[in-house]
Each structure stands twice: as structure tokens, then as C-alpha cells.
Student: 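My questions will all concern the structure given below.
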Amino acid sequence: MGHWREQTPAVWETVVTPCDCCGQVVAKRLWIVEVDGGERRFCSSECEDLYREYVLPRKTADR
Amino acid sequence: MSITVGIDTGGTFTDLVAVDESTGRWHVAKVPSNPENPVAAIDASLHAAGFDPAEVSFVVVGTTIGINAVLTRRGARVVYLTTEGFEDVLHIQRINRKHHYDFHWRKPIPLAHRPDCIGVRERLDEDGRVLDPIDLEALATSLENVLERGGEQPSIAVCFLFSYLNPAHELAARALLAERFPHLTVSLSHEVAPIWREYERGTTVTVDAYLKPLFERYVDGVSDALEGKGTGGQWALLKSNGGHALADEARGRPAHLLLSGIAGGAIGGAYAARTAGTPQAIAIDMGGTSCDVCLVVDGEPLYSSDFEIEFGFPVSVPSVSTRTIGAGGGSIGWVDPGGFLQVGPQSAGAVPGPACYDQGGESATITDADVVLGRLDPSYFLGGQMALDPERSGAVLDDLGRLLGLDRIETASAMVRICNENMANAIRIVTVEQGIDPRDFALVAFGGAGATHACEIADAINMRRVVVPPRPGLCSAFGALAASVRVDAVRSVYLTDRSTSAAALEPLFHELEEQALSDVAAQGLAQQPSVRRFIAMRYQGQNYEQEVAVPTGPVDETALAELYTGYGRLYEGFYGYRLDGIPIELVRLSVVAMGEPPAFASLPTDEAEGEGPERREVFFPGSGFVPTDIVRRDRLAPAETRLGPLIVESMDSTVVVPPGWTLTAAPTGILDLTRA
Amino acid sequence: MIDPVTLAVVNNAFVNICREMGITMIRTAFSPIFNEGLDFSCVLFDRRGNMIGQAEFCPAQIAASLFIVRWTLEELGVDSFEPGDVVLHNDPYRGGAHIPEHAVIRPVFHEEQLFGFVANVGHLAEIGGKAVGSFAADATEVFQEGLRIPPVKIVKRDVNDMDLWRLIMANHRTPRNTWGDINAQIGSLRVAERRVIELLDRFGRDFIDSAAEELMDYSERWMRAEIEAIPDGAYAFTERMEDDGVVDEPVTFHVTVTVKGDELIVDWTGTDPQVRGPINATYGVTAGATYNAVFHLTDHHIPKNSGAYRPIRIIAPPGSAVNVVYPGPSVGGNTETHPKLADMVIAALAPALPDRVAAAEGGTACNFLFGGIHPKTGDYYANYHLEGGGWGAKSYDDGNDAIIVKNGNCRNTPVEIFETRFPLRVVEYSLIEGSGGPGRMRGGLGTRRILRVQEGAEVTCNALFDRTKEGFGAFGLEGGGTGGRGAILVKRKGETEFRTFSEVFGTTSSSKFTNIMLTGGDEVLIHSPGGGGYGDPRDRERERVARDLFERFVTPEQARAVYGWDGA
């Protein structure tokens, strides 16, 4: 089950992090899920769905 | 010989308004236009007006033949002579596109074919100094080669780089052509549009060349017709700048006649605004297909030089600044692929026309909506000259309504609402471009459909005052009559407040004035014309200039300094910040010489024939159908005040006064409407 | 449910407000790229970060505006905005298309309650960095590209933060223009704010909120219907860019467009990792190019709001050339990469939509930036010069000649204005005959321009071009030919031939370089590329070939050899 994690960057951090699925910027809150053997950080639960339905099957096919 | 005549030859109708200066009596006529033979309609209108042609002293004609010829591509073959290396400027154009996501759109096709664009060995620099002298022999040879190829006899357009700073090469080219090719008409860019931007100057001079032969024929034709009728006096054409010029002189500068058929409305609207005591106004001329919107500031229409025939095809001559929107009585209601109701810009025109014309029209138009909503009396359209069939209106609105899940009344009401909103949006854009708040302005409404929709359009923009001149369907012809001599002499410059001085500007203005006054003198103007000077200025680095009036008298340093500070204030007033310290660029000087505009003792009055019903049910948004008084316009007593809901009918148009509005009939014949 | 008539009225009002914002900017901005180039966009947002209206000034920023505003609101928090605030940022890693583009965002309060935001994004012509004119064509990191500003409040409660302004202007080469342009942007926000308040007064805030929601749903439904009509499947396309400005190696881009029912997944996986030179696309560019393509292929009437974007899912792997991560450079991605990415999505869907697509366009803005001290006035000048190229042919018509790249809608600078402002002479400006990709329908022509530096002037130049190498022209479709190549060449005073900047000045890339000094008598030749053709040229209607020959759009040699013209 995923959960939201609010980012608290240090004052010297000047860059934001991208979503592991679609590449969009995640400005404040990350949607954290254990997927595909590790912690994934998404912009939303919709991206988690896209990751499972679209990205993962392709990765498995490539292996 | 005391009758002066204004004639407006529009697409559907040719209108005539004439006044007998000795008696004050007005004559009017409206006849169908004849696009194949425009002169015939002028003849017919004089005949229909009923006065003795021998009494006519002066005729001013506004005509659409120029703009129509360009739109339908029926002008002359043009050979374009330009600086070597720049023959493709007309084809390359400005590299931007009309819509963002549209593969369909094609750039406008230039008026000159590529093989007819000839490079001439000559070159001036940015100060007008000669870098390469002009090779006239080579020019003659190139032109001979082109002519040898055969084809239609061309009209020559000349546009050399920087000719607006130094006309010598263009003049030399014309002298050569006059000598070696005397049968060819020639247009020079520095005479037609002495402004910078070679593409804009190039298109303008090619339009001039394109239309020269046509106007030669037209002026000859009209002169013959007038002479044939026994009309002794001279006649003039209405120019794009809203002034008139003697036809024999105007024929030599057809690019300045392009908006001849539209300027009349602006002049007429401005006249009505002044007469009504509302010198700040927005004039809307709403006809069958489209609506022309013109801003009137301090009693005069606004002018601009950035008219476009179509996107990417500019004609840069000073013109009455008019925006045309596809919203009129014939605008068609349709449903877009997303299910939204849209109105226009497609129009049913005059043929087949609205469904109720019963000429085969299958589309629901604004006129049909107005009929179904009770605003238009089908038995009194055009004073009863044309019977409308309300059943046809109902049927097509039912059909449209089915696509929307609405009944015919809801559909009609929605169509009117969308059309009014389109108009309101267009007005908003026009006013924001000038930094004006429309709520302080009056809406002057004319054309066949203007008065029917004006109050609801005003409501949409929060305007509280509407002015409807008498005989609103003839306002353009009246405008032709109310025009005066007007000459604009302009010249592009490139100076800054740092680099120039009053002493340097004075001779430049003087030269322009001489030119303007000499043009005015050629018009045979009896009185001394008013002369006004303008400087177009902007902050250095910006690309948009604003015209600022220069006080009368020789330019002096104090006045100039005040102009600059005034500009800063004007700027801050609208945009909210100052740009002090940034140089101000002066990019254009203009002189406007104008004859005194006529001031008539009265206005043409409306005539209404017969008695009509005194009441009927009329639909108003928010109220539904309410019993509404109907009154013929000529039955209103001077200074009479009535409350809405009210319908005022005349042959020309139907004025709709919604609940909450008050109508006052001014002694001048103007109807003054205010919102409570 | 609000009646459709009122919805249409409200939608038109949203668009009109954005248009008025734009007109204000045009009238007051300083950089010609703003007021002639129209390189800006204006948007209206609700307080949840949804775009509810936009005006069409510059397609490049469609996506950028979408993300810039939403992510700024998320990062700063909607509650951190007070009436009269303006937030400024140009961070390419935070949704921007590239660093010269500065976004300004202002909250709109109505009766003390937050309604939403007005924003615009505009390209500033000079922003510091290693090269004059905001295009550091051989930058390897963002620090060289210019001053990067994260979201900061430049105006607080209608009071300028002058410390911030001064810091910014101290780092730009033409600070007066910066002052003028950003103020023009902020001024237009005030105009928009007034209009939004009028609209809320007229209809009521709750009503407008509901109308905005319904409009977004409406657009979403319509877009889904359009996508549903495209045959399901996975459509792929690969394209290469000739080099990145720093490393002389081609860069490969790959897209797979999956149509699944009423959704699109546009997946850029398979694209090369991000490159050293600045042709990387930011997320904003890649999303912008994707939407640009989809809007070309679907109905124009769909109101452009957040709803229209919802059914389009985009996957741009971070760290690849379609989603550059810090501190990778990206200034060239907007004009050079965007058009290619858009054309790739369009070409990928060609088999499914053969009559809606077009072959590739020229695909480079021919960015030529120069500056120096004007010998006549002693004043510093800088200019961003670009060209239009040929556009690709369609199944039903030829492509237009000389049009700006599809991520922009700029106008060219007239020769008379150019020579009045800058110490360079334009020797020639013409169409390049024969440069349109051959086909049953012909690609549009590119242009040729020759510039000569005036005696006594020293001009520092930078260039960011593409499609100059053999094999990298604009591709055709359905057997159509490739468009003519672009070029940026130099001839020093006294020489007789134009050669590449690499040959003459030793630049690593002949199409992307910075800080080359030219002096009096030196000449620069610029060719813009032609568009690709559609269909077999031998199938072209003979009447069209005849006209092409008459107007000299094609050469007689081409007519014979390629179009099979036999002179009849």
C-alpha cells in the first residue's frame, strides 16, 4: 500500500525530484510504493497504476 | 445646384442620402447593388432618389470595388520592381502563421508571380544614402525581357529598400518607365506608403498597382454616368481615411481607396456620436453578414495603418480603424463537434439569405431568431417591401434545436446570446488595445441589425448608453456625405528624444505640411483646412508606438519636453509602471490636413408607412415573452421618453428596448437609450 | 449542469482574458522576441492548479505554462500567496521549456477569497550566461546558460522587491530590457486580474468555479472521443539530431505512441541518455511537443484547458535527452528539439491518420544571436535572429514556404528595421529554389539570407542550428523526399568562398557555437531547411509541376529527374 511522503529539502537543495514513472517533477509530496523489488517514488497513484500496467510489463519483456 | 449627395455601394444594396442645402430637405434611396456593373447601381440610385440631377453640386461615393477585386483576385497583372536580392520579399512574408495547430492554412498568394518580381541594381542604406546607384539601363532590359514573354499587360509596382528615406531611385525608375514604357501604369512605394517595413510597403504598393487599371475604368464609367444624367458638379471618392478626394485625383492612388466602402460607416457613426453629445463612443455597423466595429474618441474615429486583407496580407495606409466580425443578421447558428452552439462567421448572405426570406435558405440565422422571438415583424421587414415567412424560421430553429435538446425559443434565444457575446468580446479586444474602458463609452448602433441587438450587447459589456441615429440602414451613405477633405501625410523616421530637437523636427513637419496642403489645394477646398501634427512614439526597444498629438504652432523645446513627460504619464496610467530614463523613439511623423466637416442643420428622418400593430409578445432573456408596445419611429414626439420593453420600428431597422432601459427621442431624430 | 450556451460564454471569457493579457504584453514589451516574435503565452488557473483558459500566442509554452504554474503552487503552497504578490521563475527543471523563459504568476482574490491565478511565460532576450542573447549553444551545464531563478516573489503585496530586481539585472547584459520586459509581463497580469474580478462579479464565484470544472470535463470528454476514433495500437518512430553542440555525434530520439481506447500513452523510452550539449529537451519541452502534435491531429475547437490534456499520458525518462536533469543544459531543446519530437509523434500516427498528418518541417529556428557595441551610437545591442523554414507536405496539399518552427509563432525582422538597429547589412533574402522535399505534394521551401558586418563594427555571434548535415534533412512521408538542408557559413573579408565556422574558426560543431567575433567585411550565409514531401513525386499532378516550374519553386533539373517532367 502506497503512502504520501512530504519532502523537506534542506535550504541548499535547489532542485526537485522527478517521478520514477513519467518523469514529471514532484514538487512537494511523493507517492511512495514498494514495487518491482524496491521503493519507487511517483507523482501520484495514477502513475503507480501506469507503472504497473504499462512500464513493468515492458521491462519484464526486455529482460 | 445645391444638392450634395452621398452614395454607398455595398455588397447587397446601394444607398443614397442627399441633402438640399438651400431647403434642408433630405432625399434617400436604397436600390439593389450590381456587382457585375457597379456603375449601373449608382445610376439607379440617382433615379430612385427623385430629385433633379441638374441640381447636384457634389457627389461622394464610397465603393467596395477595390476590396472586392482584391478578395476575388480580379485585378491587373503586377510586375514588381525591387532592390536586387529581395525579389522574394512578397513570397516570404512575415513567417508567422494564422493558427497554431492547423496544417490546412496556406500563406496568402502574392499579387505578383515570382517571374514578375524583378531585381534592380540599386541600394540605399539606413540613412537614405546611396550605396549603389541605380542601373536604369539594366532595369529597362529586364522589363523588356519580361514583357517579351507575353501575357497580360502589367501594372508596375516599385519598392526599393529605404525609399521612404530617399525617393530618388524610385522617382528615377518612374521617369525611365514614362519615357520607355509610357503605356504602363506605375505605382511608387514611397508615394503610396512612406513607411518602413519593406514587406508591408511592398504589399501596399502592389495593391495599388493591382487596382489602378480597375479604378481608371470605374472613375471613367461613373463620370460618364453622372454626366449622362446631367449632374454637373464634380464628384469624389471616399478614401480609407474617411476623407474624400476628387475622383480624378483619387484614381491615381487606389491603395488609399481600399476601405472606401467601410469608412462611411465610421464617419456616420462619429457624426451621430457628436450630435448625441457622446464624443466617446463605440460605433457598430451591423449588416447582413458582418459587423464593423470602430472606436470614436473625442468625436472622431480612430485611425491606424495596420489593416489586413487577410492574415499575413497587410495594406499599410492610414485608415479608419475598423474591425470586422462575422456577426450579422445572416449569421448562421451551428453546432460544433463538441456540442457547443456557435453563431457565424458563416453567413447566409442575401442569397439564399435567412430561412424566412423563403429563397431556399435552410440554415437558422440571427434574423430567423429575431423573428421567432418577436423582435422582428415579418410583415414589416424593410417597411413591408419584403414579406418574411415566420414558419420557415420556426422550422429551421426546430431542426437546430433538436441537435441541442432545446426548443425553438430556447435555441433562438441562445443564438442571439452567443452572437451578442461574440460582439462584446470583439469590442473588449478593440478597447483594450487602446487602453480604453468601454464602460465609459456610448454604443452607437446602426446598419440593418445594429439597433436590434445594441442594448443587449451593451449589457454584456456593462455599457449604459446606446445611441441610434435616424435611418440607421443608411448611415454609411450619410457618412460619405458627412465626410470632408482629409489628407494624411506620413513619414517614417528613426529618431530619439536624445538625438533630435524641436529645431530638427520643425523642417520635417514643415515639409509634410507643404505636401498635405498642396494635396488639399488640389481638391479645390474653399476654406482653410485644419492642420494637425502627430508623432508616433514608443520607448526605445519596444515595437509598438502610440500616436501623440503635437500642439499647434511651430515645434518648440518646451512643448516637446512636455510631450515626452506626458507620454510617460499616459504609459503609467494604463500599465502601472514608469520607464523614466529609457530613451523615447520617434518613429513616425504625420500631418493631417482636414476641411471642416459638414454640420447639417438636421438629419434625414425616418418614414414609416401605415399603421402597424400596437402591441405584440416579445421575448426578453430573464422575462420570457412579455407584451410589448410597438411604435413607428416617426410617431415618436421630439423629446418623448418611453420605458422598455418597447420596440421602435422603421423601414430601416427595428430598435429593441429591453426592460430596464429608457428611450428618449432627441429633437435631432436620434434615439438615446440609457440603462437605469 | 450549466447550460451549454452559458458554458460557451464563460469559456470565451476565459480565452478573452488571456488574449487581453497578451495584447498588453505586445504593446509594452521591449524584446522583439516578445513583441514581434510573440514568444510568450498567457494562462488562467483555478486555485487547484488546473489551467482553465489560455490564449494562443506561442505553442512552445503550452505545456510549460501548465506545469510551471501547477508545480510552483505545489512547491510554495497555495496559502503562501497574498493579494498583490507576483512569483517569478525560469527554472528549466521545474517545468520550463528552457532558461530564457520567465514565468510570472499572480493570485487573484475576489472579496478576500482566493479564486485562482493568472500567469504568463515570456522569453527574455538576454539573461546572462556565457553567451550574449540567451542561447549558449555549446553550454555543458545550466550555470553557463544564464541566471537561473527558482520560484521567488519579485513583488510582495504590490511592492517590488528591489533587492531581487537589482540582483537579477546585475546578471543580465541588457538590464534595461529586463526591467522593461518583466514589467510588461507583470503589467499584463494586472490587466488580467481586473478582468477576472469583473467576470466573478458578473457571474458569481461559485458559478465560475462550477463552469470551469464543467469546461474541463467537457474538453476531456471531447479529447477522449477523438482518441477513441484512432485505431488502437502501438506506433513507433525514431529520429536523429546531427550533434549536440559539444560532441560531434548524432543523438537518437525514440517514441512509442500507444493508443488504448480513449487514452494515449506517449512513451519516449529508447531515447539516448541526456547529452553534453544543450539540445536536451526539458520535461516541459517534451510534453509541449507531444501536446502540440496531438492538437494538430485532433479537432481545433476543443477548448484548451487541463481537461484536454488528461487523456494524454507522457513518459519521459529522467536523465534522457527528453527529460534533462540538473545540471544538464537545455537551451536549444525548445527550438531545435521540440519540432522534431512533435513531428515524430505526428509521423508515428501517420499510418493511422494519413490525411491529418504532415511530413517533417524544417525543424530549426536557425537561431543566430549577436551583439556588440554599435559603432554609430556607442550603445550596446543584442539581437536574437531567427528564420522560417519549409513545412512538410500533407496528403492533400503542399507545405508552406518559410514558416517559423511549430513550437513558436514568431515574425521575422524586416530588413529595414534590422539595418537601422544593427551594424550589419542584409545582402540577400530569398527563397531557395528546389529546397522543398519532392513528393506528390511538395514540401515548403527554405530561405537564404546573407549578412555582411559593416566596416568599423565588431560583432560577437552565437548560433544554434540543425539539419545542416547530409542525411539529417526533414523526412518525407509515404515515399516523399527529404527537404533541403540548412546551413550557417562564413566568408571572411577578402575570401571568396563560404565555409563552415568549424573550418574557419575551429568550433567543435559547425552548427552550434558561441562567442565568435566577426569584423567589418565578414559575411554570414544562413540557409533554412525545406520541409519533407508527401507521396511519390512522379505522381504529382502535371499542372502543379508546371506551375512549380513557372514560379521557379523547383529547378528544371529537379522537374526532369525527380518529378519525371517531360516538358509537355
Side-chain angles (χ1 to χ4, degrees), chain B residues 85-89 91-97 99-107 113-115 125-126 131 161-162 164 196-200 336-342 404 413-414 417-418 421-422 425 428-429 432-433 435 462 494 539 541-544 546 571 575-577 579 581-582, chain C residues 4-5 7-9 12 16 19-20 23-24 26-32 35-36 38 56 59 176-177 180 183-184 187 190-191 218 222 292 295-296 299-302 356 358 387-388 394 397 400-404 409-412 414-417 419-420 427-431 447 550-552:
Chain B
F86 299 94
E87 298 87 331
D88 282 334
V89 162
H91 285 77
I92 294 172
Q93 303 170 13
R94 296 302 303 275
I95 76 172
N96 60 337
R97 54 213 156 95
H99 300 298
H100 283 173
Y101 311 114
D102 180 10
F103 281 135
H104 283 78
W105 173 77
R106 292 301 302 275
K107 288 163 75 150
H113 292 291
R114 262 189 107 216
D125 76 3
E126 68 277 10
L131 292 173
L161 288 179
F162 296 109
Y164 61 94
W196 69 350
R197 294 193 172 98
E198 65 278 356
Y199 174 61
E200 284 76 357
D336 74 18
F340 271 176
L341 175 64
Q342 304 279 356
L404 298 162
S413 166
R417 199 160 149 227
I418 299 258
E421 277 294 326
N422 290 345
N425 277 337
R428 280 193 196 98
I429 290 280
V432 104
E433 279 173 353
N462 253 322
Y494 190 67
Y539 285 106
Q542 290 185 323
N543 250 12
Y544 276 83
Q546 274 164 287
Y571 197 90
Y575 299 116
Y577 59 98
L579 290 169
I582 297 184
Chain C
V5 178
L7 264 191
V9 167
N12 286 345
N16 226 45
R19 273 198 197 125
E20 290 185 40
I23 286 167
T24 308
I26 291 172
R27 304 263 139 180
T28 57
F30 277 65
S31 299
N35 48 39
E36 287 272 2
L38 306 183
E56 295 193 343
R176 212 162 61 183
N177 279 15
N183 267 312
R190 292 202 179 94
V191 169
Y218 170 82
W222 193 348
N292 199 347
F295 291 154
H296 271 91
D299 197 304
H300 306 167
H301 295 102
I302 304 178
R356 288 204 224 165
E387 303 284 0
K394 296 88 65 175
D397 201 2
N400 277 315
D401 308 320
I403 294 281
I404 193 66
N409 204 7
C410 310
R411 295 192 296 183
N412 55 13
V415 171
E416 287 167 348
I417 295 186
E419 291 189 359
T420 302
V427 176
E428 180 184 334
Y429 184 34
S430 54
L431 290 173
T447 57
F550 173 71
E551 299 276 357
R552 293 184 347 252

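Within every chain, numbering begins at 1; the chains are lettered A, B, ... in the order of the sequence lines, protein sequences first and strands thereafter.
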Student: Have Arg106(B) and Asn400(C) got a donor and an acceptor in their side chains that come within less than 3.5 Å?
Tutor: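 There is such a pair between these side chains.
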Student: Which answer fits Thr420(C), side chain, backbone, both or neither, if we ask what part of it has an atom under 4.5 Å from a heavy atom of chain B?
Tutor: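 When you check distances to chain B, atoms from both the backbone and side chain of Thr420(C) fall under 4.5 Å.
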Student: Given the options Asp125(B), Asp88(B), Ile95(B), Leu161(B), which has more heavy-atom pairs under 4.5 Å with chain C than any of the others?
Tutor: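 Greatest number of close heavy-atom pairs with chain C: Ile95(B).
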Student: Identify which of Ser430(C), Gly388(C), Gly180(C) forms the greatest number of heavy-atom pairs closer than 4.5 Å to chain B.
Tutor: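 If we count pairs closer than 4.5 Å to chain B, Ser430(C) comes out on top.
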Student: May I ask you to check whether Asn16(C) and Asn425(B) show a side-chain donor-acceptor distance below 3.5 Å?
Tutor: yes
Student: So for Tyr199(B), is it side chain, backbone, both, or neither that comes closer than 4.5 Å to the heavy atoms of chain C?
Tutor: neither
Student: If you count heavy-atom pairs within less than 4.5 Å of chain C, which of Gln93(B), Glu87(B), Glu200(B), Lys107(B) leads?
Tutor: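 Of the candidates given, the most pairs with chain C belong to Lys107(B).
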Student: According to side-chain contact (heavy atoms from CB on, under 4.5 Å), who are the partners of Asp102(B), at least two apart in sequence or on a separate chain?
Tutor: His99(B), His104(B), Trp105(B), His300(C)
Student: Counting only heavy atoms closer than 4.5 Å, note whether Gln342(B) contacts chain C via side chain, backbone, both or neither.
Tutor: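 Interface part for Gln342(B): neither.
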Student: Between Asn462(B) and chain C, with a heavy-atom cut-off of 4.5 Å, which part of the residue counts as in contact: side chain, backbone, both or neither?
Tutor: neither
Student: Looking at chain B, which one of Asp299(C), Asn12(C), Asp401(C), Val415(C) has the largest number of heavy-atom pairs inside 4.5 Å, strictly under?
Tutor: Val415(C)
Student: Just checking, is any N or O donor in the side chain of Asn412(C) or Tyr429(C) under 3.5 Å from an acceptor N or O on the other one?
Tutor: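 There is such a pair between these side chains.
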Student: Quick check on Arg417(B) against chain C: is it the side chain, the backbone, both or neither that has a heavy atom closer than 4.5 Å?
Tutor: side chain
Student: Less than 4.5 Å to any heavy atom of chain C: does that hold for the side chain of Glu198(B), its backbone, both, or neither?
Tutor: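 It is both, since atoms from each part get that close.
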Student: To the nearest 0.5 Å, what is the distance between CD (Glu20(C)) and OG1 (Thr24(C))?
Tutor: 7.0 Å
Student: Measure distances from Leu131(B) to the heavy atoms of chain C and classify the residue's part below 4.5 Å as side chain, backbone, both or neither.
Tutor: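 When you check distances to chain C, only side chain atoms of Leu131(B) fall under 4.5 Å.
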Student: Not counting sequence neighbours, which residues clear salt bridge (charged side-chain N to carboxylate O under 4.0 Å, His left out) with Glu419(C)? List them please.
Tutor: Arg123(B), Arg425(C)
Student: Examine whether an atom of Tyr218(C) lies under 4.5 Å from a heavy atom of chain B, and if so say whether it belongs to the side chain, the backbone or both; otherwise answer neither.
Tutor: side chain
Student: How many angstroms lie between atom CG of Asn96(B) and atom CG of Asn409(C), to the nearest 0.5 angstrom?
Tutor: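 It comes to 5.0 Å.
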Student: Nearest 0.5 Å, what's the CD1-OG1 distance between Ile92(B) and Thr447(C)?
Tutor: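 Ile92(B) atom CD1 to Thr447(C) atom OG1 measures 5.5 Å (nearest 0.5 Å).
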